[in-house]
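A note on names: the letters A, B, ... follow the listed sequences, proteins ahead of strands, and every chain is numbered from 1.
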There are 2 protein chains.
Amino acid sequence: MATIRDVAKLAGVSVATISRYLNKSGYVNVETEQKIKKAIEALNYEPNAVARGLAGKKTNTIALILPDISNPFFPELARAVEDVASMYGYTVILCNSDDEGVKEKSYIEVLKKKYIDGIIFASNTLDSADVEQMTKKGIPVVCLDRVPPKQSCSVVRSKNREGAKLAVEHLLGMGCRKIAHIYGPQEFITAKERLAGYEESVKHLDWYSPTFMIQGDFRIEGGIRATELLMERHPDVDAIFAGNDLMAVGALKALHRMGVQVPGQVAVCGFDGIGMTEITQPELTTVAQPIYEMGALVSRILIKKIEGTLEADQTYELDVALVPRESTLRRNGHESS
Amino acid sequence: MATIRDVAKLAGVSVATISRYLNKSGYVNVETEQKIKKAIEALNYEPNAVARGLAGKKTNTIALILPDISNPFFPELARAVEDVASMYGYTVILCNSDDEGVKEKSYIEVLKKKYIDGIIFASNTLDSADVEQMTKKGIPVVCLDRVPPKQSCSVVRSKNREGAKLAVEHLLGMGCRKIAHIYGPQEFITAKERLAGYEESVKHLDWYSPTFMIQGDFRIEGGIRATELLMERHPDVDAIFAGNDLMAVGALKALHRMGVQVPGQVAVCGFDGIGMTEITQPELTTVAQPIYEMGALVSRILIKKIEGTLEADQTYELDVALVPRESTLRRNGHESS
DNA sequence: CAAGTATGTGGTACCGGTTACACATACAAT
DNA sequence: ATTGTATGTGTAACCGGTACCACATACTTG
């Protein structure tokens, strides 16, 4: 591998000139430029990114810390992040935290040592102190969907509360009368907000009772168990709004096992808009987040922060959209109990 | 951030000694060791990975090049790769090639400049010349499921041909009489081998005809179209073996739309064992590859190659297993045509 | 007692870039 | 003629480590 000094020698100029040429910083004579071009060509020279990183403290690398890439929500997000990053010349490091603080911290340690340019957090646990510490040290951070208590970094999120309301309204519009909610772990702000949105939408209804709200775990298994519990407790529910799609899938599975017709007897609505919702039978109505857009946005924001094009930290709230599918399809408003 | 020179000064020794201490290379007196420890503690010193990379040409970073992380086969794989990598102190860079040679090459360029320690290819296009060129330059490469023509690197794959036979035998055992196959793009060796396995298993049967083999695209959409075509051409098939799970899902969808009962009228079997197979209705029988194990293995092999613990390139063939589920469940052997 | 070996440490070149600064020249404005 | 500004280039320190080599001691061993 040729080095910048080889190029300098061959072109008959100094390394400084080569460097200026490469980075388009400072003056370079047109003729000199030609000579340099030829030399680079001849030597097949490629500047060494590590040396650049050391000298310039910039590695063109960002990290994406998420709970688990095998969670179906994240692949699309990761794809978006990487697409945008590579468009801007950045490389993406993947980290699975399992939502464990210890793992997150240890990743951060390593990433700092590697002069990573910035971090995207789609993982939960770290508090605003951690984030502040990062930004203090000059490492830009952008959070996704999980807000540190005090606003200490840019955040991209979507309208969970509104989404939950959309879901409830849709179900009501479909003629459902008793709508239960399976909510996710309350450490997750998304779970909390969706629950809040649900509660707000239904608390004024005459059938309302806290017993219609059941805890799940944001995974299929938890959706199954919650549904079993729910149907035992309230055989009269005619709709389930799950806090995410995985639990909705669980609900579908559980109902199917119990021989309950979906949407005939019970309608089911999820949240997130992951691809899975299109392959269930019946296909799942869901409140879709613009997952790809979120990833692309979060990536773009991070890069802007890195490159100094972005001033203040900001929160970006993206719209969600109800995607009506078969799992909530009812002919008219009067099939319920 | 403290540097090694700061530590040296505080501990009253030279940087060489600090370096020896850090890397456990060469002698360090026990007392000196104590002093160094204290100094490191006091300064909160963390060795700079980039500087190390430059000096030692080792970055403790590997790259995973795959077609698309949003393809449901890959998240689990990526997770396994990253788990093992992080266990050994390596960091993983994610690259989506979309199976396009241009993108692959451009990733490789960047990765080389970054002194990446090794690459895992789960992407298709590059030929053995490319791979050889890499290994010549000292960058270890391990391929997954996609074999370069000439063995020029270690390969992890699974028994596609045998898997296809398992599938056919299973379907025959379930009493199916006319088994069709939707095969994937023949650029993929996996598609080719599965098709070959199918053909071998059925060609001696009296109903055998090439018209039972239909091209798909390894995605849901292609599975749907292939199934439509197939059912039109052969309304008498009673089983579909799809070359991967996504196409099997497509088959399921298409059959459902046509009002064909699964498994009653047509049994469906997939290949891969992705999570999706458990959420379809009916749940999908599939020939499962040990996806996580494959990822873990490929990662472990790469790291061994990097660290020189591994001598010769080798091909690892992993077993597949038929996972019988509802989509092929038939009471007895005589429901067919 | 001389030579050999294990232990312990420091000096410094090097990895391959970036960049501050000094210096040189050309041309325009005062 | 003098000052100023834009253009163009080179020297060398620096980023923060690694590692080769020289050198100093302390014990063995023949």
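- In summary, the side chains of A:Asp117 and A:Tyr90 do not present any donor paired with an acceptor at a separation below 3.5 Å, with no hydrogens or angles considered.
- Over its full length, the helix from C:dC1-D:dG30 to C:dT30-D:dA1 turns its helical axis through 50°, comparing axes from the five pairs at each end and rounding to 10°.
- A:Ile40 places its CD1 atom 10 Å from the P atom of C:dG17, with the value rounded to the nearest Å.
- If B:Tyr27 and A:Arg20 are placed on DNA chain C by their nearest nucleotide, the residue sitting closer to the 5' end is B:Tyr27.
- Among the protein residues, B:Ser25 comes within range of no part of the nucleic acid, since none of its heavy atoms lies under 4.0 Å from any strand.
- In this structure, B:Lys114 atom NZ and C:dC15 atom C1' are separated by 18 Å, rounded to whole Å.
- Whole-Å rounding puts the B:Ile18 CD1 to D:dG17 P distance at 10 Å.
- Judged by closest nucleotide on DNA chain C, B:Asn29 is the one of B:Gly56 and B:Asn29 placed further toward the 5' end.
- For B:Lys57, taking side-chain heavy atoms from C-beta onward, the closest of the listed nucleotides C:dC15, D:dG16, C:dG17 is C:dC15.
- Counting only heavy atoms from C-beta on, B:Ala16 has its side chain closest to D:dA19 among C:dT9, C:dG16, D:dA19.
- Residues A:Thr61 and B:Lys114 have side chains that bring a donor and an acceptor to within less than 3.5 angstrom of each other.
- No hydrogens or angles considered: nothing links the side chains of A:Tyr88 and A:Asn60 as a donor-acceptor pair under 3.5 Å.
- A donor-acceptor contact under 3.5 angstrom links the side chains of A:Asp68 and A:Ser70, judged on distance only.
- At distances below 3.5 Å, not a single donor-acceptor pair connects side-chain atoms of B:Lys37 with backbone N or O atoms of B:Thr32.
- In this structure, B:Ile4 places its CD1 atom 15 Å from C1' of C:dA13, rounding to the nearest Å.
- With D:dG17, C:dT18, D:dT18 as the choices, the nucleotide that has an atom nearest any side-chain atom of A:Arg52 turns out to be C:dT18.
- Contact annotation for B:Val28: backbone-only contact, meaning every heavy-atom pair under 4.0 Å involves sugar-phosphate atoms and none involves a base.
- Residue-level contact check: A:Thr3 touches the backbone only, with heavy atoms under 4.0 Å from sugar-phosphate atoms and none from bases.
- For the residue pair A:Gln289 and A:Ser158, a side-chain donor N or O sits within less than 3.5 Å of a side-chain acceptor on the partner.
- Distances shown here put every side-chain N or O of B:Asn48 at or beyond 4.0 Å from the OP1 or OP2 atom of D:dG17.
- Of the candidates D:dA19, D:dT9, C:dG16, D:dT9 carries the atom nearest the A:Thr32 side chain, counting heavy atoms from C-beta on.
- The phosphate of D:dT9 (OP1 or OP2) has no side-chain N or O of A:Thr17 nearer than 4.0 angstrom.
- Counting all heavy atoms, side chain and backbone alike, A:Ile116 lies closest to A:Thr59 at CA-OG1, 3.8 Å.
- Residue contacts shown for A:Tyr45 are limited to sugar-phosphate atoms, with no base heavy atom under 4.0 Å away.
- Side-chain atoms of B:Ala51 lie closest to D:dG17 of the nucleotides D:dT18, D:dG17, C:dG16.
- Among the protein residues, B:Val15 comes within range of the nucleic acid bases, having at least one heavy atom under 4.0 Å from a base atom.
- In this structure, A:Asp98 pairs ionically with B:Arg79, as a charged nitrogen and a carboxylate oxygen lie closer than 4.0 Å.
- Across all strands, A:Glu31 comes closer than 4.0 Å to no nucleic acid atom at all (heavy-atom distances).
- In this structure, B:Val50 and A:Arg5 both approach DNA chain D, and ranking their closest nucleotides by distance from the 5' end singles out A:Arg5.
- As judged by a 4.0 angstrom heavy-atom cut-off over every strand, B:Glu33 is placed among residues making no nucleic acid contact.
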